[in-house]
Structures are given as structure tokens and as C-alpha cells.
Asker: 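Questions regarding the structure given below will be posed in turn.
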2 protein chains.
Amino acid sequence: MDRAYKEVQQITLAVDCIIFGFNNNQLEVLLIHRGFEPEKERWSLMGGFVGNREDLDAAAHRILHDLSGLEDVYMEQVRTFGKADRDPYERVVSTTYSALILKERYKAELIAQYRARWFSIDDLPNLIFDHKQMIVSALNRLRRRVRTVPIVFNLLPKKFTLPQLQKLYEGILGEELDKRNFRKKLNTMDFLVKLDEKDMSGSRKGAYYYQFDEKKYDRDTNFNI
Amino acid sequence: MDRAYKEVQQITLAVDCIIFGFNNNQLEVLLIHRGFEPEKERWSLMGGFVGNREDLDAAAHRILHDLSGLEDVYMEQVRTFGKADRDPYERVVSTTYSALILKERYKAELIAQYRARWFSIDDLPNLIFDHKQMIVSALNRLRRRVRTVPIVFNLLPKKFTLPQLQKLYEGILGEELDKRNFRKKLNTMDFLVKLDEKDMSGSRKGAYYYQFDEKKYDRDTNFNI
DNA sequence: CAATTAGGTGTTAAGTTAACACTTATTTCT
DNA sequence: AGAAATAAGTGTTAACTTAACACCTAATTG
């Protein structure tokens, strides 16, 4: 590799993924259990190193794919953690990415392989390094973003019900919402399409399925919860 | 340097600073003219490389200090640019920081030394690499932040007038604000303290000076413009 | 057929934002 | 000395948004 800035020190660059999922009406993150040293028996985010010729975003997608089997996942960069001593074993600067996935799509066999587990965001285990802070900053970002950008639909199946959607918002925001006000607001958004079909699993009455119509959204990108 | 993750490739890590200032009732950024190859005669952000044992935030402050003479400057990390080919001369990943400085404190001799110049944000010159995008993302972040956090006072002298403050907000947000509504809102914020003294330079009548009282703000951190 | 359960539906008061025009203090000009 | 000029300073109202609140409905179970 030829180098233009020859005298400059180089640094190990990592990506850590905060993988959010919605399960049991709760917002959860997927963590992996370290069965190896260093920091054996503790939990960590899914992470990996950035290749020298690899786009940073591409590294995030590669790492998520290797560890989850998922492609085409919605991801956003959150921020970069660069304290010199954040990893006590070596200087590593890490850029975090937040990923929104559908739990059902996550390959179960990988859970076993990586000793992964879903944790509710308000019941996190002991995490290595600054991974707790990383989750907190990703969650804060998510809380801001879901109010103005329709990204929550990445956490739901194509067809979902309004009670589901409300529970999801409540899980993300960490507060209860008024059912009537919530539905009133969503009703003004034309890109939320009501289907003729009902989900009968959650109640006797059944709840109508809805779908997010991306094309309709692109025509009128107003979104505000 | 001992390395725990031995097989991993390392990457040159840089910091680029988007230095905002408020001059002539306009929001401006400070750029440096490259009098050397590569990319001679083009403009760029102030940047530098991150040392192997240096905190990322510390690197940003060091670079700003070296090039501006300023310490204790308000800075925030914006985001990390990591396209493999963003710098055509070598793979460099760059984390951007946005700095809010008071133009009067910037040492004039450094302007000459680095061939630096202030540019209005809506009249930027041709910039190297992805520096234009960096400015855009820093500006977008600034526009969001100034509405909920009292950071604009870093761009003004200790004593400032309300007409000045309004012009500053208008410069940042890129839109005109209603004078009466603006002042009504600020009047509800107790941490903005009116002094008995007037600035007579801008008008015949003179405008009262105000000060931002950090202690009062800390007691009641409501802020919303 | 009564009881149970979660889904679904509107109205009003309170608060916030947006729109708008005149008076005042001081300097400069004649 | 007084008139003209200039930017600073000041309140009210309508429009809109948000928050609070309770009952009926559809389907299943016993």
C-alpha cells in the first residue's frame, strides 16, 4: 500500500452495531456473549474491524451480515467513540451503527453459534468497554429520529396492526401514549394503508392490518409523531 | 506498541474542523487555502491526524488550537466520513467536529500564516474531497441544535444585543424571524439577563446589552427557539 | 345468552405559534 | 431649534397543535 501521508500513525478502526428489535411488546437489543478471552463471559455488541479498502458503511453491513445472516438492513451511523483507553487491550476507535431488524428474520442458528441473546433495553447486562454508552447514545438518537422519519416500520412485519405500532412507539420512547391521539395523528398520514384483513391473534375482536406505503410517503414526506 | 488484535489492518484517522463564526450579520466558516500539493490552490477545512495515544476529542482540540491559537472552544462531534476513496491520495477516515468561535478571538496573524479566510455559508468556494458535504452536515446539525440548546452564545461576545442575537439565529437557520415573537420567547427565559448599558454603535437609539447567565440556565434548562 | 376482552372512535380545553403596526430614543441635517 | 431619519422596542388576536378524557363494538368463552 502506498501512503501519501507517510509519517502519520495509523489506528485500528472498528464498527459496533446496536441491533434493535421489537419483541414481546418491548424494544430489545441483540448482544453476544463472549465465550473467549479477553473479557470472557461478558456481553458485548456485535462488532468487527474495518478493512483498509472498505467503505465504513460497507463494513457495518458486512459485520451485521456475518453475525446475523441479514442483508438490506436499515442502518444509520450514530457516532464515533475515540477515547484512547476505551479498549484496554489496544487502541481502537469505534464507529457505532444502529440497525433496525425484524426479529423473525434473524436466523435462529446464529443465536446459538454466537451465544447471542435479546435484552430489553431497560434490563441490560454487564457490558464490555463503553458498549453501554454506545447503546444509550443509539437509543437517544432513535428516540429523536422516530418522531420525524418513518423508520419504525423496519422493526415490524409488512403487515402490522395499530396496537402493535403504538406498543412499539411506547417501547422506543419509554412512555405511554394516548390511544386516541396516536391514532388520530396516524390517520392524517396517507401512506399508512388499512387492509381488509384482521389479525385475530391478539384479541377476540381482532385488529385491522395496516401497511406502510413507501411510494405514497415519497410523494408527501411529512411525518411527525 | 503491543497489539492485541494482531492480524487487523490499521487506517489513517483524521479530524476535520468546521469552524463557525458570526461576522457581518452572517454565519461564516473558516477555511484554509492550500498553498501546497496535493490539491494546491484549493480550499479545505482545518484538519489533522489523530495520534495513536490521543483521545479523538483531544485531537480535535489540538488541531483547532494549532491552527487558530484558540483554547476552550465549544466543539461537538458531527459524524465520521469513511468512504474508501474519499481522499484519493490515501485511505483516510475522518471524523468531523463543529466548533463555534468568536471571530475577535481568532488570532489575525494565523489567518496570514495559513492563508485562511472566512466564507459566508451560502457562498462557499470549491473545496477538496468531501469537505463541502462535511460543512453541510455540520450546518444541518447546528440548525437542529440551536433550537434546543443555548450554544449560540459561543458565537457572540459576553455582552450582546437582541438585534445581534436575532441576526445570528437568522444566519444559522437561513430564514427571517419575526422580531416580536423572537423577543417574546427570549423574555420567558430567565437566564438572559438585561444590563443597564446600551450598545450605541448600531443605531441612534442604541440597543440594550444582554448576558447569558449559565448558572441560572443550569437551574432551569428549558430552551426552545 | 351473559361475561369478558381488546379494538375502535370525537370533542373540548389549554397551550403554542404566526401574523401584524405603531411608538420611542437618539442623532444628523438644515 | 426643530424636522427628518433610523433602528429599537412593545401587545393582541387568530390559527393551529397538543393533551385530556369515556364509551361502544366485535368476537370468543363459559
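Side chains included, hydrogens not; waters and symmetry mates left out as well; all remaining heavy atoms used.
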Asker: Any side-chain donor-acceptor pair under 3.5 Å between A:S94 and A:D16?
Answerer: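 Short answer, yes.
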Asker: Starting at the 5' end of DNA chain D and moving along, which residue's nearest nucleotide shows up first, A:G206 or B:S203?
Answerer: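 Final value for this comparison: B:S203.
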Asker: Does some side-chain heavy atom of A:N25 sit less than 4.5 Å from a side-chain heavy atom of A:E170?
Answerer: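 The answer is no; the side chains never approach within 4.5 Å.
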Asker: Rounding to an integer number of Å, can you tell me how far B:D199 CG sits from C:dT26 C1'?
Answerer: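 After rounding, the reported distance stands at 14 Å.
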Asker: Whole angstrom is fine here: how far is it from CD in A:Q164 over to C1' in C:dA6?
Answerer: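 In whole Å, C:dA6 C1' and A:Q164 CD are 14 Å from each other.
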Asker: Counting side-chain heavy atoms from C-beta on, which of C:dC20, D:dA8, C:dT9 comes nearest to B:D178?
Answerer: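 Within the option list, the nearest is C:dC20.
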Asker: When only distance counts, do a donor and an acceptor, one from the side chain of A:K205 and one from the base of C:dG8, lie under 3.5 Å apart?
Answerer: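 Under the 3.5 Å cut-off, the side chain and the base do not form any donor-acceptor pair.
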Asker: With distance as the sole criterion, do the side chain of A:R180 and the base of D:dA22 form a donor-acceptor contact below 3.5 Å?
Answerer: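 Per atom types, the contact qualifies.
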Asker: On the nucleotide D:dT18, are OP1 or OP2 found under 4.0 Å from the side-chain N or O atoms that A:K185 carries?
Answerer: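 Answer yes for this pair, as a side-chain N or O of A:K185 is under 4.0 Å from OP1 or OP2.
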Asker: Roughly, in whole Å, what's the span from CG in A:L177 to P in D:dT17?
Answerer: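 Between P of D:dT17 and CG of A:L177: 19 Å.
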Asker: Under a plain distance cut-off of 3.5 Å, with no hydrogens placed, do B:K184 and B:N187 share a side-chain donor-acceptor pair?
Answerer: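 Result is no, nothing qualifies.
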Asker: Under 6.0 Å between the ring centres of A:F160 and A:F212?
Answerer: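 So the answer is no for these two rings.
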Asker: Could you give the CD-to-C1' distance, from B:E176 to C:dA19, as a whole number of Å?
Answerer: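 The answer, rounded to whole Å, is 15 Å.
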Asker: CG of B:L195 versus P of D:dG9: gap in Å, rounded?
Answerer: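 Distance, rounded to whole Å: 12 Å.
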Asker: From CD of B:Q166 over to P of D:dA7, roughly how many Å is that when rounded to an integer?
Answerer: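 Taking atom P of D:dA7 as the reference, CD of B:Q166 is at 14 Å.
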Asker: In whole Å, what is the span from the CG atom of B:N181 to the P atom of C:dG15?
Answerer: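 Nearest whole value for this atom pair: 19 Å.
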Asker: Whole Å only: how far is the OH atom of B:Y208 from the P atom of D:dA7?
Answerer: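 Taking atom P of D:dA7 as the reference, OH of B:Y208 is at 19 Å.
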Asker: Could one point to a donor on the side chain of A:K184 or the base of C:dG10 with an acceptor on the other under 3.5 Å away?
Answerer: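 Between C:dG10 and A:K184, which were checked side chain against base, a qualifying N/O pair under 3.5 Å is absent.
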Asker: Would you call B:D190 and B:K216 a salt bridge, taking side-chain N to carboxylate O under 4.0 Å as the test?
Answerer: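 A salt bridge is absent here (no side-chain N lies under 4.0 Å from a carboxylate O).
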Asker: Could a donor-acceptor pair under 3.5 angstrom be found where the side chain of B:R204 meets the base of D:dA4?
Answerer: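 By the distance-only test, no, there is no pair.
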